[in-house]
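Data first, discussion second: the structure below is written as structure tokens.
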Amino acid sequence: MPSITLRGLSSSFFITFIVVFHFSFPCHGDVGTASRYSPPYIPSGCYGSDATEFPSSNLFAAAGDGIWDNGAACGREYIVRCISAEEPRTCIPNQSIQIKIVDYVDSAVSLPSINGTTMVLSDMTFGTIANTSATFINIEFQQ
């Protein structure tokens, strides 16, 4: 009968621990910031004056430089949630939404509430995950 050494048992336990620890936490998306913008939303940097390309849910956004990817972001869909803001209780708890990128912030007809954010959410989109009195929020997003 083979003998089990303490070193071998310890090594096996350590490897098992690492595997279980690594796979026991759910995968999270990227973290960024979001501001908001108001109508008019057309023409857009992705679809020009074709409003039929906008989602019927009206949950859409303009891409900031970090995700624009030379226009490849057009049509991408993301799951977005508010994770924090400067003011307490700005985020609507447990609220995740699916949005579609329809514009590029630098070509948007309307100005964002603050420059330099990862995404600029339409008024309706912003209000679905956060209090609209905020000018920007921290978000988690996943394609």
Side-chain angles (χ1 to χ4, degrees), residues 4-143:
I4 299 175
T5 66
L6 187 54
R7 176 175 268 183
L9 186 59
S10 175
S11 212
S12 295
F13 177 75
F14 180 72
I15 290 170
T16 303
F17 175 77
I18 294 298
V19 169
V20 169
F21 182 78
H22 178 73
F23 291 108
S24 66
F25 292 98
C27 182
H28 295 286
D30 293 317
V31 175
T33 55
S35 55
R36 59 186 170 80
Y37 71 136
S38 302
Y41 301 117
I42 295 177
S44 79
C46 294
Y47 305 114
S49 295
D50 187 0
T52 64
E53 291 294 332
F54 283 60
S56 59
S57 66
N58 287 319
L59 299 177
F60 57 87
D65 288 330
I67 62 170
W68 177 242
D69 197 18
N70 292 320
C74 290
R76 281 186 192 154
E77 295 188 357
Y78 291 93
I79 303 295
V80 179
R81 74 181 184 100
C82 178
I83 55 174
S84 65
E86 286 183 337
E87 291 294 320
R89 294 186 222 101
T90 296
C91 296
I92 297 173
N94 304 315
Q95 182 69 18
S96 294
I97 56 172
Q98 183 172 335
I99 61 104
K100 180 178 180 180
I101 299 297
V102 298
D103 208 345
Y104 175 47
V105 69
D106 285 349
S107 66
V109 178
S110 299
L111 295 175
S113 56
I114 192 168
N115 291 320
T117 57
T118 309
M119 293 181 190
V120 180
L121 308 175
S122 68
D123 281 338
M124 181 174 192
T125 304
F126 194 95
T128 303
I129 60 172
N131 183 324
T132 56
S133 65
T135 54
F136 78 98
I137 56 175
N138 295 309
I139 58 170
E140 180 180 66
F141 61 99
Q142 185 174 358
Q143 189 175 346

So among Asp123, Ile92, Val80, Ile97, which one has a side chain to side chain contact (heavy atoms under 4.5 Å, CB included) with Thr128? Ile97
Rounded to the nearest 0.5 Å, how far does [atom2] of [Y] lie from [atom1] of [X]?
| X | Y | atom1 | atom2 | answer |
| --- | --- | --- | --- | --- |
| Ile99 | Met124 | CD1 | CE | 14.0 Å |
| Gln142 | Ile79 | CD | CD1 | 8.0 Å |
| Ser96 | Ile129 | OG | CD1 | 8.5 Å |
| Asn94 | Cys82 | CG | SG | 12.0 Å |
| Asn138 | Glu86 | CG | CD | 8.5 Å |

With heavy-atom distances below 4.5 Å as the criterion, would you say the side chains of Arg76 and Gln143 are in contact?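 In contact.
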Within the structure provided, determine whether Ile101 and Phe60 are in side-chain contact (heavy-atom separation under 4.5 Å).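 They are not in contact (no side-chain heavy atoms under 4.5 Å apart), so the answer is no.
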Tell me if the centroids of the rings in Tyr37 and Phe126 come within less than 6.0 Å of each other. no
Minimum heavy-atom distance [X]-[Y], with the two atoms named:
| X | Y | answer |
| --- | --- | --- |
| Cys91 | Ser84 | SG-N, 3.3 Å |
| Pro112 | Val105 | CG-CG2, 4.0 Å |
| Glu140 | Ile83 | CB-CG2, 3.9 Å |
| Pro40 | Ser110 | O-OG, 2.9 Å |
| Gly32 | Thr118 | CA-OG1, 3.4 Å |
| Gly127 | Thr132 | CA-CG2, 3.5 Å |

Would Val120 and Arg36 satisfy side chain to side chain contact (heavy atoms under 4.5 Å, CB included), going step by step from the backbone distance to the final call? CA-CA 5 Å; Val120 180; Arg36 59 186 170 80; 5.6 Å; no
Residue pair Val31, Phe141: steps toward the side chain to side chain contact (heavy atoms under 4.5 Å, CB included) verdict: CA-CA 6 Å; Val31 175; Phe141 61 99; 6.0 Å; no
[X] side chain vs [Y] backbone, donor-acceptor pair below 3.5 Å:
| X | Y | value |
| --- | --- | --- |
| Asp103 | Gly45 | yes |
| Ser122 | Ala61 | no |
| Asp69 | Gly71 | no |
| Lys100 | Glu53 | yes |
| Thr125 | Leu121 | no |

Hey, can you tell me if Tyr104 and Trp68 have their rings parallel, tilted or perpendicular (30° and 60° cut-offs)? parallel
Asn131 side chain to Thr90 side chain, donor-acceptor N/O pair below 3.5 angstrom: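 The answer is no; no qualifying pair exists.
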Flag for Thr117-Thr33: side-chain donor and acceptor within less than 3.5 Å: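 Per modelled atom types, Thr33 and Thr117 side chains form no pair under 3.5 Å.
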With side chain to side chain contact (heavy atoms under 4.5 Å, CB included) as the criterion, how do Met119 and Ile139 come out once you've worked through the C-alpha distance, each side chain's angles and the decisive distance to 0.1 Å? CA-CA 9 Å; Met119 293 181 190; Ile139 58 170; 4.1 Å; yes
Carefully, step by step, assess Tyr41 and Val102 under the rule side chain to side chain contact (heavy atoms under 4.5 Å, CB included). CA-CA 9 Å; Tyr41 301 117; Val102 298; over 6 Å; no
